[in-house]
Structure formats: structure tokens, C-alpha cells
Amino acid sequence: MKNIAIFASGTGSNFDALINAVENGDLPANIKLLVSDKKSAKVIEKAEKKGLPTLVFSAKDYASKADYEAMIVENLQKHGVEWVVLAGYMRLLGETLLGAYPNKIINIHPSLLPAYKGKDAVKQALEAGEKTVGVSIHYVDAGMDTGQLIAQESIHLTGRETEFEVMEMVHHIEHQLYPRTLAKLFKN
Ligand code: GAR
């Protein structure tokens, strides 16, 4: 069993998938903390309903990234967190967090990296006329969606799907691939 924290800024559909996987015994982890940088994020309510501790902060309340990351690291350590799992956390990590958890921070991204990094990756891919999109899971480094790849899965499109339909297909893959990939990592 690994003690993990999930970082998320949005809706939290991946958070739900990870919680379900833990509850079903498919992911050998204890979710110790949800960290969010968005006070209005839906994922916070979801964590509260599950009775999970949450750490919600606003970057603008701190003088620097190093300052708020030091506060986060202190909380992670207090909860005995061993791995950090980013699930739609839309903020670059700095040296303070990366240094505290070397090779123990994982991210999921809705593209076949190294293509279409950053925000709205599915939209970027569709606007570029891609017929193959996908999902990547990777170690996190200081760049934007640049760390070493761990797993990828492709989705082949007919070209007639709407962006909404493609997003649904991407989420469907994410919700299976993330717990499965983390389970493998945590067993090693
Ligand atoms: C997911 O599609 C995830 O891959 C993406 O944010 C979404 C969060 O959805 N992450 C990135 O784009 C990271 N660069 P969710 O809140 O429903 O899990």
C-alpha cells in the first residue's frame, strides 16, 4: 500500500476513477489528501463527501511558488504521503515539490505526448486535423508535460466525432489507464 496525495484543479473525473479503483481493491493505495489550487473546483466537494482531508490554497496568497510548495510539502509529510498523483492539476511544479518527491510525482495528459502539451490538448489535436489522439501518463519534471513517459494509449477517430465525443472517449481511456498504470508502479 502506498500513501498518495491527488492534486486536481477541476471536475475530478480522474479523482473519481482513482477513488473507485482504491475502493474496489484495484489500486493498492491510501488516498491521504486532495490538494487543489482552485477554491471553486468541483473535485473539492467530491473529496469532502468521501471524508478525505483537503488542502485548498490560492497561489496568489503566497509570495512565490517556493513558498506555497513548501507549505504543500509540509502537509504531504504530515499525512505520510509517498507518491503525488496529478489529476488535472493545471500548474507547473517547482523545485521545492520536485526535490521533495524525486521520481514519485506522476501526471496524466490527454494527448499522445510529446504532441499537444499544455491546456486544451484534445482541442489542439482536433484543430490540427489529427485522426489519432490519446492519453499519456508520465513522470513529472519542471517542464510542461515533458517528463519521462510511462504509458500511452491511442484512440483512432473517423473524423466525424464532435469535440465533446472525443473528450468522452479520452476520459473513458484515462479512467482505466491511470489506475492500472499506478497499480503497476506501486507494486514495484
Ligand atoms: C484530464 O483530461 C487530464 O488529462 C487533464 O485535465 C483533465 C482533468 O479532468 N490534464 C491536463 O491537461 C494536464 N496538462 P478531470 O478533472 O475530470 O479529471
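Remember, it's a predicted structure, so these values are computed and weren't measured experimentally. Indexing begins at 1, ligand by ligand and atom by atom, following the structure's order.
The closest non-hydrogen atom to atom 16 (O) of ligand 1, taken over Gly10, Gly12, Ala87, comes from Gly12.
Side-chain contact check for His171 and Glu174: at least one donor-acceptor pair (N or O, by modelled atom type) lies under 3.5 Å. A donor-acceptor contact under 3.5 angstrom links the side chains of Thr132 and His156, judged on distance only. Side-chain atoms of Glu130 and Tyr116 form a donor-acceptor pair, as typed in the model, at a separation below 3.5 Å.
Judged by distance alone, with hydrogens and angles left aside, the side-chain atoms of Thr162 form a donor-acceptor pair with the main-chain N or O of Glu165 at under 3.5 Å.
Phe57 and Tyr89 have tilted rings, their planes meeting at an angle from 30° to 60° on a 0 to 90° scale.
Proximity of Lys46 to Asp16: side-chain heavy atoms (C-beta onward) are separated by under 4.5 Å at one or more points.
Under a 4.0 angstrom heavy-atom cut-off, Met90 registers as being in contact with ligand 1. Residue contacts with ligand 1: Ala121 is excluded, as none of its non-hydrogen atoms falls under 4.0 Å. Using a 4.0 Å cutoff on heavy atoms, His171 counts as a contact of ligand 1.
Here the heavy atom of the protein found nearest to atom 13 (C) of ligand 1 is His109 ND1, 3.5 Å. The shortest contact between atom 10 (N) of ligand 1 and any protein heavy atom is with Ile108 O, 3.5 Å. Counting protein heavy atoms only, atom 3 (C) of ligand 1 is closest to Glu174 OE2, 3.4 Å. Among protein heavy atoms, atom 12 (O) of ligand 1 sits closest to Pro110 CD, 3.4 Å. Given atom 7 (C) of ligand 1, the protein heavy atom at minimum distance is Gly88 CA, 4.2 Å.
If you look at Phe186 and Trp83, their ring centroids are closer than 6.0 Å.
Checked for salt-bridge contact, Arg180 and Glu153 meet the test: a charged N lies under 4.0 Å from a carboxylate O.
The proximity of Lys117 to ligand 1, defined as any non-hydrogen pair under 4.0 Å, does not occur for either the backbone or the side chain.
Inclusion of Ser13 in the set of residues having an N or O under 3.5 Å from an N or O of ligand 1 is warranted.
Residue Thr11 has at least one heavy-atom neighbour below 4.0 Å for each of these atoms of ligand 1: 16 (O), 17 (O). The distance from ligand 1 to the heavy atoms of Asp145 drops below 4.0 Å at these ligand atoms: 14 (N).
For Lys65, the NZ atom sits in a packed shell: over 12 heavy atoms of surrounding residues, nucleotides or ligands are nearer than 6.0 Å.
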